[in-house]
Amino acid sequence: MSVSRRLFVTAAAGLAVTGVPGPAVAMAGDRRYRIPVSPDDTETDLVRKASQVRPTARQIAWQSLERTAFLHFGVNTFTGLEWGTGDEDPDVFQPAALDTDQWAAALKDGGFKLAILTVKHHDGFVLHPSRYTDHSVASSSWRGGRGDVLRSFADSMRRYGLKVGVYISPADENQYLHGVYANGSARSVRTVPTLVEDDDRSPDRFFTLPATDYGAHMLNTLYEVLTEYGPVDEVWFDGAQGHIPPDKVESYDWDSWYTLVRALAPDAAIAVTGPDLRWVGNESGIAREDEWSVIPVKENQYGRTDWALSYDTPDEGSRTALVKARPATDYLQWWPAECDVSIRDGWFYHPDQQPKSVDYLTEIYFGSVGRNAVLLLNVPPDTDGLLHPTDVVRLREFRERIDRELPRDLAQGARRTTAPDRVTLDLGFETEVDRIRLAEDIRHGQQVESFVVEAFRDGTWTEITGAGTIGASRILLLPTPVRARRWRLRVTRARGAVRMAEFGLYRSQV
């Protein structure tokens with residue numbers, strides 16, 4: 001049955017339609033997370049404005065997660081593809097031993113705090129029985145057409161204390177084949193949810209939002225996912241267009257999608273084509289040496305939050321970058337980086353691939369979490385519907401390695417004195433240190449532009465290491481241990497008053 005035949009829209013006159021505010025109004029309580037830029041702003045103006053930008057509560061909560069997981073799972077798992085075609089036989093999806101509790105237990109053991117499921121990848125196959133497409137688990141003979149991976153996933157993650165995220169790809173090869181995606185339809189007011197024949201829902205509110213035909217399809221999919229599966233903590237979009245003819249393009253209804261997410265999941269961070277967090281710019285899991293959470297942005301394509309500079313520029317937020325980006329900048333915005341990478345070479349499971357080594361994963365950890373970013377590690381379920389035993393062991397080894405790299409904080413209980421540009425610790429005894437962990441109190445923004453860490457040795461303060469930014473998390477690795485009783489963090493340049501949340505000292509056990 002085609003989508004166009006399946007949908008039966010009730011008469012608009014019979015619906016209780018309730019409008020909702022657009023993105024700017026919906027985020028009015030978070031005004032300081034973005035500050036407008038003027039073409040006449042000087043470097044001094046830009047730096048002052050950057051110092052005034054503050055994260056929202058949802059951004060602070062997200063940055064505290066540090067380690068999050070991705071689970072790429074779908075028809076590609078069974079076809080061996082990385083990017084599906086949209087015309088797969090749904091019956092190919094047969095995860096006979098699906099055990100999402102096993103996923104959750106392994107991720108919990110690996111130190112992860114949130115997991116994102118590919119509810120819909122670019123092929124358009126969805127992992128829940130949607131009312132709006134036949135390209136779903138409901139069209140597979142798996143579990144007699146009554147399977148629901150999303151339900152099982154969400155229940156398992158919460159049972160193990162992990163937060164729930166969903167990835168719903170804007171691209172959709174299947175909807176392209178059905179003449180919905182990139183069909184050239186104009187944006188018009190749509191009612192969401194769009195009720196279908198024999199609909200079992202009685203929504204207590206409806207939304208009227210501008211959208212194309214495909215934009216409305218996405219809105220209805222989002223409505224299902226965000227109202228029927230419990231609280232969602234992250235909604236992940238990318239900007240993929242699909243493997244379609246170059247003269248075909250779908251202009252995504254970002255403003256409407258953002259508005260619906262804000263209304264139905266107000267605590268969810270919208271990533272990475274979204275207003276809350278951004279893609280770091282590569283798929284290697286490594287952030288920039290100096291990663292800023294405050295960067296210049298512009299809006300395009302119906303409210304999409306976008307980089308004023310290129311997504312992969314090596315400098316997104318320094319004074320030089322702020323000035324360089326000014327002609328294209330609409331706002332200076334709190335837009336922290338998410339570092340995505342897969343534990344294997346591919347995003348979907350392939351039996352001939354092996355997981356990355358513990359050493360490699362540790363480098364990724366220090367290159368992401370250690371550089372003011374959040375790690376998003378993909379761990380793909382196999383054709384049985386399980387995380388491969390090798391990957392499960394590797395996740396545990398990874399967590400154990402990080403625990404040994406950063407064991408007990410030696411600065412706990414130390415006498416601490418502060419001044420406007422420095423924090424001094426007196427441990428009360430000499431000890432060896434080879435790992436230093438720093439964090440600004442980002443409730444007051446990101447201010448540090450450069451700093452040094454010093455140790456008091458032989459009657460004088462000696463510089464041990466230093467760097468540029470700190471932000472929510474900065475981890476410095478010393479090539480050899482340094483023995484000292486007194487340690488000092490000295491800020492050498494800042495945009496505003498610096499408030500430190502952490503000055504940790506460690507001796508690794510590796």
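In what follows, every heavy atom counts, from backbone to side chain, and hydrogens, waters and symmetry copies are set aside. Counting from 1, the numbers follow the sequence of the chain as shown.
- Under the rule for a side-chain hydrogen bond (donor to acceptor under 3.5 Å, both in side chains), the partners of D441 that lie at least two apart in sequence or sit in another chain are R443.
- Remark: Y252 engages Y181 in a side-chain hydrogen bond (donor to acceptor under 3.5 Å, both in side chains) (not counting sequence neighbours).
- Look at E454 and R422 and you find no salt bridge, because none of the NZ, NE, NH1 or NH2 atoms lies under 4.0 Å from a carboxylate O.
- Taking CG from D40 and CG from D45, the interatomic distance works out to 9.0 Å, rounded to the nearest 0.5 Å.
- Note that the CG atom of L107 and the CZ atom of R67 stand 11.5 Å from one another [nearest 0.5 Å].
- K120 has no carboxylate O lying under 4.0 Å from a charged side-chain N of E224, or vice versa, which leaves the two without a salt bridge.
- Under a 4.0 Å N-O distance rule, the pair E316/R278 does not qualify as a salt bridge.
- Rounding to the nearest 0.5 Å places OG1 of T100 at 10.0 Å from CG of L386.
- Note on D109 versus R399: salt bridge recorded, some NZ/NE/NH1/NH2 to OD/OE distance being below 4.0 Å.
- The ring pair (Phe, Tyr, Trp, His ring centres under 6.0 Å) check on F348 picks up H72, H121, with sequence neighbours excluded.
- Screening residues 466-480 for salt bridge (Lys or Arg N to Asp or Glu O under 4.0 Å), with sequence neighbours left out, gives E289-R474, D290-R474.
- Checked by atom type and distance alone, the side chain of R437 never pairs as donor or acceptor with a backbone atom of E502 at under 3.5 Å.
- Screening residues 313-346 for ring-ring contact (aromatic ring centres under 6.0 Å, His included) gives W307-W335 as the qualifying pairs, with residues at least two apart or on separate chains.
- Evaluated for a ring-ring contact (aromatic ring centres under 6.0 Å, His included) with W103, the options Y160, F73, F112 yield exactly one hit, F73.
- Classification of the W254-W257 ring pair by plane angle, with boundaries at 30° and 60°, yields perpendicular.
- By the side-chain hydrogen bond (donor to acceptor under 3.5 Å, both in side chains) test, W62 is found to be paired with E234, residues two or more places apart in sequence or in another chain being considered.
- Counting only residues at least two apart or on different chains, the salt bridge (Lys or Arg N to Asp or Glu O under 4.0 Å) pairs with a member in residues 348-364 are D359-R401.
- In terms of the salt bridge (Lys or Arg N to Asp or Glu O under 4.0 Å) criterion, residue partners of D253 (sequence neighbours excluded) are, by chain and number, R187.
- For the ring pair (Phe, Tyr, Trp, His ring centres under 6.0 Å) test, residues two or more places apart in sequence or in another chain that qualify with H243 are W83.
- Separating the CD atom in Q52 from the CZ atom in R32 is a distance of 9.0 Å, to the nearest 0.5 Å.
- Within the structure, salt bridge (Lys or Arg N to Asp or Glu O under 4.0 Å) contacts touching residues 235-246 (residues at least two apart or in different chains) do not occur.
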Walk me through it: do R288 and T469 pass the test side-chain contact (heavy atoms from CB on, under 4.5 Å)?
CA-CA 10 Å; R288 296 163 183 81; T469 57; over 6 Å; no
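- Scored by the ring pair (Phe, Tyr, Trp, His ring centres under 6.0 Å) test, F78 finds F93 as partners (sequence neighbours excluded).
- Every residue meeting the side-chain hydrogen bond (donor to acceptor under 3.5 Å, both in side chains) condition with T390, not counting sequence neighbours, appears here in chain and number order: H388.
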